[in-house]
Amino acid sequence: MNTITRQQFPFLFFILPYVQLSLIIDYYFHSVIGIVFSLLVAFAFGFYARRTHQLMILFFGNLFNVILSYLLTFLFLSERLTFFYQPFSPFLIVTLLTLLFILTQLIGCFWGSFFTRRYIKLIKKKPTR
């Protein structure tokens, strides 16, 4: 595998609807482990995308994932999620979680740029003797 393909390989995660996966894990295990794990993965993807300069793939991957999550909610999961999350509609839950995941990715991008700049400054600084 060449370097570009290897750098883009982790973005295959966007094929999976991670909003739906976190909700299904939350539904079946009655805990927030799925949401917390998905937030950690979203942070890692934002960090990685910024470090490898793959922000366009991150943007289009999020766009694809949002469309896929709404489509799955509309087609399959709206009746299951309505009974479990009584006060909210399923589309509101998907919207809020999507915004939360995108915010987490933006925070990861910030930290990725922070460490990239710091690393570059350390490399350019010559040791003095």
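By convention here, the first residue in the shown sequence is residue 1. In this text, all values refer to a predicted model and were calculated from it rather than measured experimentally.
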Inter-residue atom distance [X].[atom1] - [Y].[atom2], 0.5 Å rounding:
X	Y	atom1	atom2	answer
Q105	F43	CD	CZ	11.0 Å
L103	L39	CG	CG	9.5 Å
T52	Y48	OG1	OH	5.0 Å

Do [X] and [Y] have side chains that approach each other closer than 4.5 Å (heavy atoms only, starting at C-beta)?
X	Y	result
F47	F110	no
L92	L96	yes
Y70	T95	yes

Check side chain to side chain contact (heavy atoms under 4.5 Å, CB included) between L97 and all other residues, then give those that pass, not counting sequence neighbours.
V19, S22, L23, I35, I93, L100, F101
Same cluster for [X] and [Y] if Ile/Leu/Val/Met/Phe/Trp/Tyr side chains link at under 4.5 Å?
X	Y	result
F45	F37	yes
L55	F64	yes
V66	L99	no

Distance-only, no hydrogens or angles: does the N65 side chain make a donor-acceptor pair with backbone N or O of G61 under 3.5 Å?
no
Taking all atoms of both residues into account, what is the closest heavy-atom pair of G46 and C109, and its distance?
O-SG, 3.4 Å
Here the pair of heavy atoms bringing G112 nearest to R50 is C-CG, 3.6 Å
Please step through side-chain contact (heavy atoms from CB on, under 4.5 Å) for the pair T98 and I102, ending with a clear verdict.
CA-CA 6 Å; T98 301; I102 290 174; 3.9 Å; yes
